[in-house]
**Q** 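My questions will all concern the structure given below.
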Amino acid sequence: MTSSQSAAPQMTDLDATRASTWTDQLLRRPASLFCLAALALLAGTAIFAPLVAPYHPEAVDTLRRLQGPSIDHWLGTDSLGRDVLSRVIYGARVSLGAAVVSVTLAAVAGTSIGLLIGYLGGWWDSVAMRVVDALQSIPALVFAFAIIALVGKGIVPTTLAVAVIFAIAYIRIARGVMLRERQRRYVDAATAAGLPTPRIIFGEILPNMVGPLVVETAILLGSAQLIIAMLSFLGLGVDADAADWGSMLNDARIYQGVHPFLSIPSGLAITFSVLLFNVLGDDLRDILTGTQRPAAGRRAPQGAVALSAPAAADASCGVAKDEGSQTGGILDVSGLTIEFPVGNNGARVLDGVSFSLCAGETFGLVGESGSGKSQTALAILGLTPKPGMVTAGSVHFEGRNLATAGEHDLRRVRGKEIAMIFQDPMAAFSPVHTIGDQVIVPLQAHAKLSRAAARDRAADLLDRVGVPNARRRLDDYPHQFSGGMAQRAMIAMALTCEPKVLLADEPTTALDVTIQAQVLDLLHELQQEMEMAILLITHDLGVVAATCDRVGVMYSGQIVETGNMSDVFDTPRHPYTRALMEATPHSSSAFGGRLPTIDGRVPPPWNLPQGCRFHPRCRFAIKACTVAPVPLMDGSRCLRAGELLMAEV
Amino acid sequence: MRKLIVNRLAASFGVLFLVSTLLFFMAELSPIDPVTLSLGDSATPEQEAMKRAELGLDRPALTRYAKWLGQAAGGDLGRSYLHGHDVANELMRRLPVTLALCLGAMAIALVVGLTAGIAGGLQPGSIADRVITLVVSLGLALPGFWLGLLLAMAFAVHLRWFPVIGYTPLSVDPLAWMRGLVLPCVGLSIHAFSVIARQVRGAVIEASASTYVQTMRAAGASSRTIAFRFVVKNAIVPVLSVIGLQMAVIVSASVVMEHVFALPGIGSMLLEAIVTNDMPLLQGGVLLVACFVLAINLVVDIFLGALDPRARPA
């Protein structure tokens, strides 16, 4: 009965594991389980209607017309005295049966056509897709009218009409998957191995579209019932005397003034069975699209990792800066810890991060993706994405603790005192608003300037950051900007209110190498001009070497090494720092390319190793490293920091 | 913008030509002979030949196609086989009913659907969102025509606030006109409302999670500014085509709602034409519906061009 069962035999061994996981997941959801059970019950009732129904659906009893519910007739009788309950039960045969037949026809025909045009591609594909587009612009009901007008009334034309309409949906899905899959390497491999084309299509490619097809089938089974019922209601579908939910509603329509109850049983029957298919389809879609999400119950308990000492070595600027500058940090982050609820335990994405930013300096945060750099910057502004929460630590800025500040206070800091720029300037601007309308947002939020005045200021700033024809380009949209120009506009936006601190999250990563240097130079110039502090987040040691005064190396949510840029670079005191540097082609070249990866990956925050978090990837690891968490001591979170120094080549 | 409108208009005329061609040849393919249809079985062969000549059916199909197309372009859609009425006149007589019904339902579906979708999407998981999601799930499963019957039962039969069936022309009694349309419009709007609310909710949630929203938050913009100035516009762009399709669905589903409330519109005429195989009436009706749908698509394209700079022709 259900679509998932009918699809299961088509799967290959390769997909069997994945398939079993989504069917398992489906069976674990109470709502889906209920729907499946109810549909099975419905199907059983339809199949065994003669055994279940108390009367024959066409047994006329003219003496008992249009009666309400009674002991003899639980749901009353219709205009000819026929038992409504029996007709609802028999109606399931027609209504469900027609829906299943039409959707099956549509699935088989549509999938085949879609696979074929996707496989042939080129001219075939473009012509077929034009036709599909044209057909899809015609509302389904009008389409059905046309087919019925041509072929005649009745259940068969209705079913065919619905099948043709829905085949279009399957064509789209099958073609889309086909186009995507045929570029994959395994298809090449199968072709090279001499597998015949049909084997490749049905054996290798088809299993990849089972998921989307199953979802579509569930939803379409609901829609098919609605359309068939509608056509029967209009007297175009099933024969008016036949027991079918749609034509029963039409009977109810005629007698609604005399016996209003008559529409309730069949109306409820349609609504309920469509609802079952819809809920099932939604659940399937959730399961199939949300597979990457970490499911509850699979994680190692996280509570074993103790909170590291929040008071870290590098809390004041004096330590790391040269002797002349004695100012305290303008921004002091200490013991910052962020947790996301995963399963029963929190996943700690930041764990006791501490550093200070002094006025006018550039502090670099380095590390691979997933090390917590961006989370640190977002947390400073109170922008930790939900459901993450700051669970410990503080962010002190000019005497206020931003970590505990309310949204209202935070808003007065954001964009005015502390501004932020993001990695991908194209994604960081709304595509459907002009650059001008977006650059003035901080000014409108904080300076209460008029739009015209704000635009003047924005034009000046765009000019200052090197956007040619600045005033004219205010009315351009982001897609009309190059990446480098968009990042300049982003910088202009961040600087409109002359912030004291700029958080720059990978500001050059998405840009061409030549543009990277220009943008870094620009940031440096503006920093001098406005005397602002910059927190520069990057994975590129070259960028750090060229721009930063001090640096913090992050790994797995912790700062593992921190100190003056030159000290850290000349004598790294954590194996991770050293690995990062060795992985850089020429650490002396200022604007180098990307880092090649170090073996292994940053562990996910819900599955951290015992002891030092880097030990599984560390070539210096000893037994002691695996026992207890390592605290940050004298700027390094390594038990063997001293030995490493001596072993320096 | 003008370029976009001109382009789309030209494309619309192309589709209209395609649809009319299909309609003509559909009638050709139909197994029903219009001569037998209008004369009945008892006519003599001479009578049949005369009628055939009168209807122009003795000439080759292509000649008749060219003539039909020319006349249709000039607004002459022929005469009904059954009643001999002028089809164009009949359509014009019935158009106000369907137009009022569809526009009313569209207005409800748009206003309520957008409001519910935005409200739910801005605060996913809130009580309001849960209620909206529940209503939407029901609305997607509920057949609109049954809802029409239920509404009629509750508000017309029991409470007597609205007439049960029938239509009063605007020119006769504006208040009665409006009262007669309330229930059909609500019943017709429910499915489109549900689809729009659902899609908009999803799009709002997706837009809220995008990087530019983070940019705006980091710039100190209030959540109200972000929601209504940036998120809503970004969320509506991807669902515009769905909204357009739902408006077209309203137009086609008006047939059913006219049947429920016995409204003398295009829909009840189409139904009659299908049941009686009255091809000229059917052709004219479908052509008019096609024009309506194309007009909706044009409006959608104009909105898309206005909202999304990337959709404008360079």
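Reminder, nothing fancy here: chain letters follow the sequence lines and each chain counts from 1. All values derive from a computational prediction rather than experimental measurement. All heavy atoms count here, side chains included; hydrogens, waters and symmetry mates do not.
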**Q** So, the side chain of B:His259 versus the backbone of A:Asn250: is there a donor-acceptor pair under 3.5 Å, distance only?
**A** no
**Q** Using heavy-atom distances under 4.5 Å, tell me whether A:Gln225 contacts chain B through its side chain, its backbone, both, or neither.
**A**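 Answer is neither: A:Gln225 stays 4.5 Å or more from chain B.
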**Q** Please name all residues satisfying ring pair (Phe, Tyr, Trp, His ring centres under 6.0 Å) with B:Phe145, sequence neighbours left out, ordered by chain then number.
**A**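 By the ring pair (Phe, Tyr, Trp, His ring centres under 6.0 Å) rule, B:Phe145 matches A:Phe233.
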**Q** Under 4.5 Å heavy-atom distance to chain B, tell me which part of A:Phe422 shows up: side chain, backbone, both or neither.
**A** side chain
**Q** Under a 4.5 Å heavy-atom cut-off, does chain B meet the side chain of A:Asp282, its backbone, both or neither?
**A**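 The side chain, not the backbone.
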**Q** Quick one: what part of B:Leu282 sits under 4.5 Å from any heavy atom of chain A, side chain, backbone, both or neither?
**A** side chain
**Q** Report the option among B:Arg229, B:Met216, B:Gln214, B:Met279 that has the most heavy-atom pairs separated by less than 4.5 Å from atoms of chain A.
**A**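 That would be B:Gln214.
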**Q** What part of B:Val260 gets within 4.5 angstrom of chain A, counting heavy atoms only: side chain, backbone, both, or neither?
**A**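 Contact with chain A involves both backbone and side-chain atoms of B:Val260.
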**Q** Could you give me the CA-CA distance, side-chain angles and deciding distance for B:Thr215 and A:Met490, then say whether side chain to side chain contact (heavy atoms under 4.5 Å, CB included) is met?
**A** CA-CA 9 Å; B:Thr215 313; A:Met490 173 105 300; 3.3 Å; yes
**Q** Which heavy atom of A:Pro431 sits nearest a heavy atom of B:Pro309, and at what distance?
**A** O-CG, 3.5 Å
**Q** Check whether any side-chain heavy atom of B:Ser137 lies under 4.5 Å from a side-chain heavy atom of A:Leu275, and answer yes or no.
**A**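 B:Ser137 vs A:Leu275: side chains touch.
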**Q** What residue in B:Val286, B:Asp308, B:Val249, B:Asn234 has the most heavy-atom pairs under 4.5 Å with chain A?
**A** B:Asn234
**Q** Can you tell me which portion of B:Val256 sits under 4.5 Å from chain A's heavy atoms? Options are side chain, backbone, both or neither.
**A**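 For B:Val256, backbone and side chain are both near chain A.
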**Q** Quick check: does any side chain N or O of A:Arg411 sit under 3.5 Å from a backbone N or O of B:Gly220, one acting as donor and the other as acceptor?
**A** yes
**Q** Which atom pair, heavy atoms only, marks the closest approach of B:Lys233 to A:Val432?
**A**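 Answer, listing the atom of B:Lys233 first, then A:Val432: NZ-O, 3.0 Å.
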**Q** Return yes if a side-chain donor-acceptor contact under 3.5 Å exists between B:Trp146 and A:Ser263, otherwise no.
**A** yes
**Q** Measuring heavy-atom distances to chain A, does B:Leu150 have an atom under 4.5 Å in its side chain, in its backbone, in both, or in neither?
**A** side chain
**Q** Would you mind reporting whether A:Gln438 and B:Phe230 have side-chain heavy atoms less than 4.5 Å apart?
**A**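 They are in side-chain contact.
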**Q** Between B:Ser210 and chain A, which part of the residue has a heavy atom less than 4.5 Å away: side chain, backbone, both or neither?
**A**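 No part of it gets close to chain A.
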**Q** Go through the atoms of A:Gln480 and report whether side chain, backbone, both or neither lie under 4.5 Å from a heavy atom of chain B.
**A** neither
**Q** Examine whether an atom of A:Lys153 lies under 4.5 Å from a heavy atom of chain B, and if so say whether it belongs to the side chain, the backbone or both; otherwise answer neither.
**A**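 Only the side chain of A:Lys153 comes within 4.5 Å of chain B.
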**Q** For A:Ile421, is it the side chain, the backbone, both or neither that has a heavy atom under 4.5 Å from a heavy atom of chain B?
**A**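 Neither; nothing under 4.5 Å.
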**Q** Closest approach of A:Met420 and B:Ala218, non-hydrogen atoms and distance?
**A** CB-CB, 4.0 Å
**Q** What part of A:Leu249 lies closer than 4.5 angstrom to a heavy atom of chain B: side chain, backbone, both or neither?
**A** both
**Q** Atom OG in B:Ser252, atom CE in A:Met230: separation rounded to 0.5 Å?
**A**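 Those atoms lie 7.5 Å apart.
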**Q** Counting only non-hydrogen atoms closer than 4.5 Å, does A:Leu378 touch chain B with its backbone (N, CA, C, O), its side chain (CB onward), both, or neither?
**A** side chain
**Q** Take atom CD of A:Glu407 as the centre, draw a 6.0 Å sphere, and report whether it contains more than 12 heavy atoms from other residues, nucleotides or ligands.
**A** yes
**Q** Testing the basics here: between A:Val274 and B:Ala141, what is the closest heavy-atom pair and its distance to 0.1 Å?
**A** CG1-CA, 3.6 Å
